[in-house]
Undergrad: 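Before we start, here is the structure in question, set down as structure tokens.
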Amino acid sequence: ALSGKLTGVFDKLRRRGALTDADVAEALREVRVALLEADVALPVVRDLVAKVRDAAIGQAIIRGVNPAQQVVKLVHDQLVAALGGGLDDDGKRGISLEAAAPVAILMVGLQGSGKTTTSGKIALRLRNRDKKKVLLASLDVHRPAAQLQLETLAQQAGVTSLPIIAGQSPLQIAQRAMDLARRELFDVVLLDTAGRLAIDDALMAEVAAVKAATNPHETLLVVDAMTGQDAVQTATAFQEKVGVTGIVMTRIDGDARGGAALSMRAVTGAPIKLLGAGEKLDALEDFHPDRIAGRILG
Amino acid sequence: VFKKRRLDDAALEELEETLISADLGVAASQRIVEGFRRTRFGREVTDEEVKAALAEALAEILAPVALPMPIDPGHAPHVVLVVGVNGTGKTTTIAKLGQQYRAEGLRCAFVAGDTFRAAAVEQLQIWGERTGARVHAPAKHGADAAGLAFDALTTARTDGTQVLLVDTAGRLHNKSALMEELRKIVRVIRRVDPTAPHSVLLTLDATTGQNALQQVKVFKEMVDVSGLAVTKLDGSAKGGVVVALAQEFGLPVHFVGVGEKAGDLRPFEARDFARGLVG
Ligand SMILES: Nc1nc2c(ncn2[C@@H]2O[C@H](COP(=O)(O)OP(=O)(O)OP(=O)(O)O)[C@@H](O)[C@H]2O)c(=O)[nH]1
Ligand SMILES: Nc1nc2c(ncn2[C@@H]2O[C@H](COP(=O)(O)OP(=O)(O)OP(=O)(O)O)[C@@H](O)[C@H]2O)c(=O)[nH]1
Ligand SMILES: [Mg+2]
Ligand SMILES: [Mg+2]
């Protein structure tokens, strides 16, 4: 782990006597490698290491009793701040429903990232914990049995799903969902969309059109915890072409370090709101920057 | 028009960052750039020359694992067990293989071995209809996947099926109970045909970072993976972790997935893939 490597760096440096800027640079190289191995994207690593360097120099870490631990703590603190634990963190971790009902929540992301399952999880929480009347709607007219998948999850969550009508476009389905929600006084509409490539301009435009028509209060980018360097390209494209208000990281019950969380947060500026921690509908957790920072550091 | 510059430390660092950004990982990127440092350091080269040389070095690492997946219909049927983490493209890859083998005149059947996830069986059934493959489905939701595989293979041995593609539920490799379930499926298949499964194909999502190394390690240990399929390479992710996998495990990379339709499967080609990494 990073603390072990840094102890190694500082141990061999201490034997030489005083620590110099070059010595701090060596420690920072270890930090850089640790973050890259944790899948934090390269441009984000550069920024973070620069911040750690400024803080380290500012703290005169050189005279510390245990410089390795001090550097690890600095990195941990910078990670927590970057992930969303900073001074401007209002602590509001969940989904915001502060809008006139029916509040729409739009789920977007790459193929297979966990959007449909997460839609079911959010529906369950809104119904059971927050006592909301929830409508689940599948706009995925592309993947075989996708609409049936969401309908099944709706039944499991005890919420209503929009009746499936074959032959409609995603935009038509979205509009039908909002109409039904207004008529039958639903509190929340969860719009599940088909997975799409960030570089597929046509599909990105399609979901942007759905967003324009439904005016969702939240647009959640659902991403897999094991995503590597491509997190930057994907997050940038979804932010620029669609606009993202929150990130949900799924499959954190795996053993991926999860550096993509930092990359996506840094690039979109959107807070990480929720974590998917399993396949069952109750496996939804609030995001705590401390936990993920510890995991990224390894 | 072809601007030359010295391949100095700064240029080599840039190369390393190109490889890291393609998900090769720090260790593999450093190794490859180190090789460059020894052979070409200090020389005057154009960007094009460097890229071509880098692609060449990568292709050399990948060539030994660029192998087609051998299918022997003589096994009657040849059994392909498809495994992998959730959402990596197992079900869709089976559909693509079904399409490919059908075009080659092979009679295929699918086993809807994901008896857990919502609409997983229906998803494969639709693909079976589209690609002309019979689908062995569980009697009810939550049925035992191993039992289904047993029945399906027993039937397939009598009805002229030449290739049997067994779909399994997505699973995280760090979940020991789920990995044990997969081992049970293999044991049960072996009871019908001791030489089966003849191929164990692990799907990897091209957007995956360094965790792919752990995925391959554990799946290989648990169910003796015989080859890889890298999916979603039609996206912006480069899939460079495949280079680290080639160096670490040497497992064949049989296929790449390049889209969501049944025809979107290609054989893994070392040179093309290497060029894609270098950009
Ligand atoms: N272990 C685990 N599995 C998850 C989690 N979230 C989703 N999954 C699984 O990941 C797989 C893909 O989930 P889906 O919800 O179908 O993903 P999707 O984004 O809707 O996929 P597309 O619609 O095809 O883009 C399924 O097997 C889910 O059960 C999670 O937090 N942990
Ligand atoms: N763009 C692209 N999408 C793909 C590719 N392969 C699969 N997909 C998509 O990825 C999503 C997940 O594919 P599945 O085949 O359901 O994945 P899976 O591994 O069977 O998922 P689980 O059974 O839930 O674990 C679907 O939306 C597929 O259409 C590919 O090569 N390119
Ligand atoms: Mg979906
Ligand atoms: Mg599947």
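So that the names make sense, note that chain A is the first sequence line, chain B the second, and so on, each numbered from 1.
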Undergrad: Give, for atom CG of L36(A) and atom OG of S21(B), the distance between the pair rounded to the nearest 0.5 Å.
TA: 8.5 Å

Undergrad: Measuring heavy-atom distances to chain A, does K238(B) have an atom under 4.5 Å in its side chain, in its backbone, in both, or in neither?
TA: neither

Undergrad: Between K175(B) and E279(A), does a salt bridge (Lys or Arg N to Asp or Glu O under 4.0 Å) hold up when you go through it step by step?
TA: CA-CA 12 Å; K175(B) 304 217 161 155; E279(A) 294 194 67; over 6 Å; no

Undergrad: So, for A118(B) and Q149(A), which heavy atoms are closest and what is the spacing to 0.1 Å?
TA: O-CG, 3.5 Å

Undergrad: Between N174(B) (side chain) and D253(A) (backbone), is there a donor-acceptor pair under 3.5 Å?
TA: yes

Undergrad: What part of Q233(A) lies closer than 4.5 angstrom to a heavy atom of chain B: side chain, backbone, both or neither?
TA: side chain

Undergrad: Check whether Q210(B) gets within reach of chain A through its side chain, its backbone, both or neither, counting any heavy atom under 4.5 Å.
TA: both

Undergrad: Under 4.5 Å from any heavy atom of chain A, what part of E260(B) do you find: side chain, backbone, both or neither?
TA: side chain

Undergrad: Do NZ/NE/NH1/NH2 and the carboxylate oxygens of R32(A) and E17(B) come within less than 4.0 Å?
TA: yes

Undergrad: Less than 4.5 Å to any heavy atom of chain A: does that hold for the side chain of V241(B), its backbone, both, or neither?
TA: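 Interface part for V241(B): neither.
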
Undergrad: Heavy atoms only: give me the nearest D230(A)-D23(B) pair and the separation to one decimal.
TA: N-OD2, 4.3 Å

Undergrad: Name the one of T88(B), T207(B), L172(B) that satisfies side-chain contact (heavy atoms from CB on, under 4.5 Å) with M226(A)?
TA: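 That would be T88(B).
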
Undergrad: Could you tell me whether R291(A) atom CZ has more than 12 heavy atoms of other residues or ligands within 6.0 Å of it?
TA: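 No - once you tally the heavy atoms of other residues, nucleotides and ligands closer than 6.0 Å, there are 12 at most.
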
Undergrad: CG of D255(A) to NE2 of H173(B): how many Å apart, nearest 0.5 Å?
TA: 3.5 Å

Undergrad: If I measure from the heavy atoms of chain A, does Q215(B) come under 4.5 Å with its side chain, its backbone, both, or neither?
TA: side chain

Undergrad: With respect to chain B, which residue among L110(A), T227(A), T250(A) yields the maximal number of heavy-atom pairs within a distance under 4.5 Å?
TA: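 Looking at each of L110(A), T227(A), T250(A) in turn, T227(A) comes out on top.
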
